[in-house]
Structure formats: C-alpha cells, structure tokens
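Worksheet: the structure to be examined is printed underneath.
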Amino acid sequence: METKIKDRIINYWTKRSENFAQLRQEELYSYMSELWLTEITKYLPQRPCKILDVGTGTGFFANLLAQYHHEVEGIDLTASMIE
C-alpha cells in the first residue's frame, strides 16, 4: 500500500478510535450482537475454527466469535483501535 494512503488511513482511524470503541462496546452488549452472529455464522463451519480478523478495529467481531469458542486473532493498522 502506498505510504501516503496508509498514513491517511491510520490517522483517520486514530482520530475516531475512542468514539468508535465506545460505540462498538455498546453494540457488543445489545441485541445487535445476536443479529450479527446470526448473519456471520451462516458462513462458518459448525465446529469452532481458527479465524484471522484482518482490520479488526476494536475487535468487535473477534469478541463475538470468541464467545462461541472460535480461536480469533485480530490485526489492524491502527494501534489505538487495538488498544
């Protein structure tokens, strides 16, 4: 990825990370998490599996899937999103 574009992406998400994290935390404990799980699990094997969540952000989907015994590794360009 071109460095300039990569830097713009990192800067954008660094600025949004605190607010974004709060919104995802609220969503994780709302009815929305069940709706997301219903949609996502259509495409996953019935047994727990290893999942790489590229662009995990705050780890919303990683956390959801880990609750159902999947082994999830999340990576993201933006360190403040991971924190």
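Remember, it's a predicted structure, so these values are computed and weren't measured experimentally.
- Taking CG of Asn19 as the start and CZ of Arg24 as the end, the distance is 9.0 Å to the nearest 0.5 Å.
- For the atom pair OG1 (Thr41) and NE2 (His70), the distance works out to 7.5 Å, reported to the nearest 0.5 Å.
- No continuous path of ILVMFWY side-chain contacts below 4.5 Å connects Tyr29 to Leu23, so the two sit in separate hydrophobic clusters.
- Summarising the local packing, CH2 of Trp13 is surrounded by more than 12 heavy atoms from other residues, nucleotides or ligands at distances under 6.0 Å.
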Distance-only donor-acceptor pairs under 3.5 Å for side chains of residues 55-67, two or more places apart:
| residue | atom | partner | partner atom | Å |
| --- | --- | --- | --- | --- |
| Thr56 | OG1 | Asp53 | OD2 | 2.7 |
| Asn63 | ND2 | Gly59 | O | 2.9 |

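- One distance of note links OG of Ser80 with NZ of Lys15; it measures 11.5 Å at 0.5 Å rounding.
- Hydrophobic clustering, with ILVMFWY side chains joined whenever heavy atoms are under 4.5 angstrom apart, keeps Met81 apart from Leu28.
- Cluster membership for Ile10 and Ile82, using ILVMFWY side-chain heavy atoms within less than 4.5 angstrom, is not shared.
- Residue Asp76 comes nearest to Thr78 through the heavy atom pair OD1-N, 2.9 Å, listed as atom of the first residue, atom of the second, then distance.
- For the atom pair CG of Asn11 and CG of Leu77, the computed distance is 11.5 Å after rounding to the nearest 0.5 Å.
- Here the side chain of Thr38 pairs a donor or acceptor atom with the backbone of Glu34 at under 3.5 angstrom.
- When side chains are defined from C-beta on, Ile9 does not count as touching Lys6, because their heavy atoms never get closer than 4.5 Å.
- With side-chain heavy atoms closer than 4.5 Å counting as contact, directly or through intermediates, the hydrophobic cluster containing Leu52 also holds Val54, Ile75.
- Distance CD/Glu73 to CD1/Ile51: 12.0 Å, rounded to 0.5 Å.
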